[in-house]
**Student:** 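Provided herewith is a single structure, encoded as structure tokens, for subsequent inquiry.
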Amino acid sequence: MLSLIKMDIYRSFKSRSTWILFLLVILLSVVLEIPFDDIRATNSVMDNIIISIQNGNILLIGVLQIVILSNQYVKNGYIKNLSGVLSKHNTIYLAHLVCSILFYTISIIFIIISVFIADFILYDNARLGANSHTIWYILCQILLLSVYSMGVSCVTIAVNNTIAGLLFGFLYYMFIDSFIIYKLVEIFKLPFDFILYGIVNAITGLNMGQDVSQYTMAVVSSAVYFAIIFIFARIFIYKKQII
Amino acid sequence: MENTIITNNITKQYKKFKALDSVSIQVEAGTVYGVIGKNGAGKTTLLKIISGLIKATSGDINIQYDKINSIGTLIEEPGLCYDMTGFENLKLKSLAFGLSDDVQLHNILNLVGLSGSKRVKVKNFSLGMKQRLGIGLALVGNPQILILDEPINGLDPQGIVEVRKLILKLKNEFNKTIMVSSHILDELFKIGDKYAIINNGKIVLEATKEELQKRMERCIEVETDQVEDVIELLNQLKLNDYDIHTNQVVIRDKTLEVRALNKMLAEKCIPIDGIKYGEVSYENLFLELIGEKYA
């Protein structure tokens, strides 16, 4: 397992696309600092990171990264070379998850640095805006974003079409997740607050508050979604025998 | 010599299509084992099952080595990361195997003749270079068994010679057990020690190189539309080693001369369209074994 993670990280950081996406993350976060309105000027660095996460900017780039990474193994046939080590075929998805977590972590570090510098240049005043819950907020968001990206990556491999997979990822973020959770609440007469367990709701609804339960909920959502993805990947790989 | 790979009645069923039907083979250690068959015969399926890439529907496979990196594979075209160099491709696999010895990777690059292209991205490699890198990838982890599916497919003559030399070097100098499939028969017959000829998922013949060569010795080809009369004459002469095709009888007997046989056919008033010495080519032997007409 550790070997596969090392391999995935090596592959990811040797790939030009990863560095292009990092550059895109930095550019996007700096562009969003341009003072379109007064709110931007008064926002702290953390406020702007929350906005970037909630409006899906970082997610879109992270999804692209993991889709490119996982698809490369399948499409160029490199996955065949790993037959010996992939005795449990879907272990590679765990490696992809770690890689995705690393990508988001580095991206957020890049954003913090670039937004801080941009604020300093544009407004002559840079305020981090971090509090004691910042680290928990960021860790939970990284987990949620990574799990979401893995889901899109799995669908992309399953349908064998990158565009269709990414489109699904977009639609899921916009409508499908809420719809599924809403229907579950309706059918199983679940308490209404269950609706907050949808992964998209968790991403958009998580705030840097004092309430520890929301962080627990985010971790639970991530775990449930990743378990579903893991089972889906296992069935899919077994059926298709792509490895 | 002990067997490294033994398969017993392997069958692979895809819904209604039987890709492999009770395939049993034995591959000796330190030899090159050729798997011959036309496209769709079941070669790749057999090699994928032995490699562990897919599971057989039924049957057993016994492989002498049970370490995860005991088998190196090159199935169909090599799976390469094109935006990386040859070394980086090897490094990627070695990391997956938990290996950290870069010296071995450089040795592999030397062995497959790519040490001069360490900094070249794979997307700029020729087909032959990609194929050799594919074999190099199969060698990561120093496996005892190599499974190479169509390694010379699509290569130019120079590329074919390079891959052939490499396979023989791996057998002779490194004592690897190598299974190679191909439909380029002449080339496969230059490197193999033993062969399995596969057709419609079944092994039609498993034979050593010597046994196959014996089948290819000089023969006499008689063209006639009265095949049965020719057979009757051959039976009278107690010549039993012959094959019958449509309007053709191929007789394998070193002592028999065309002139003498022609005379006997004339005496028996058996009309013929032609009679000549022939040598069974690899292609003709293959076609004969799978029950198809000569080329």
**Student:** Would one find more than 12 heavy atoms of other residues, nucleotides or ligands at under 6.0 Å from atom CZ of A:F170?
**Tutor:**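 No, the 6.0 Å shell around CZ holds no more than 12 heavy atoms from other groups.
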**Student:** I'd like to know whether NZ of B:K202 has more than 12 heavy-atom contacts from other residues, nucleotides or ligands below 6.0 angstrom.
**Tutor:**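 No, not enclosed.
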**Student:** SG/B:C81 to OH/A:Y10 distance, rounded to the nearest 0.5 angstrom?
**Tutor:**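 With rounding to 0.5 Å, SG (B:C81) is 10.5 Å from OH (A:Y10).
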**Student:** Take atom CZ of A:F120 as the centre, draw a 6.0 Å sphere, and report whether it contains more than 12 heavy atoms from other residues, nucleotides or ligands.
**Tutor:**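 No, the 6.0 Å shell around CZ holds no more than 12 heavy atoms from other groups.
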**Student:** Please say which of B:L95, B:N89, B:D83 ends up in a side chain to side chain contact (heavy atoms under 4.5 Å, CB included) with A:R11.
**Tutor:**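 Going through the options one by one, the only one that passes is B:D83.
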**Student:** Hey, is CZ on A:F179 packed in by over 12 heavy atoms from elsewhere, all under 6.0 Å?
**Tutor:**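 12 or below, so no.
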**Student:** State whether the number of non-hydrogen atoms from other residues, nucleotides or ligands found under 6.0 Å of A:I187 atom CD1 is greater than 12.
**Tutor:**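 Count over threshold, so yes.
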**Student:** Rounded at 0.5 Å granularity, tell me how far NZ in A:K14 sits from CD in B:E88.
**Tutor:**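 It is 4.0 Å, given to the nearest 0.5 Å.
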**Student:** So, for A:S3 and B:G98, which heavy atoms are closest and what is the spacing to 0.1 Å?
**Tutor:**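 Answer, listing the atom of A:S3 first, then B:G98: OG-CA, 3.4 Å.
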**Student:** Taking the side chain as C-beta and beyond, is there a heavy-atom pair between A:M7 and B:F97 under 4.5 Å?
**Tutor:**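 Side chain of A:M7 against side chain of B:F97, heavy atoms only: no contact under 4.5 Å found.
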**Student:** At what distance, to the nearest 0.5 angstrom, does CG of B:L92 lie from NZ of A:K6?
**Tutor:**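 With rounding to 0.5 Å, CG (B:L92) is 13.5 Å from NZ (A:K6).
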**Student:** Would you mind checking which part of B:L137 comes under 4.5 Å of any heavy atom in chain A, side chain (CB onward), backbone (N, CA, C, O), both or neither?
**Tutor:**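 Side chain of B:L137 only, per the 4.5 Å heavy-atom cut-off to chain A.
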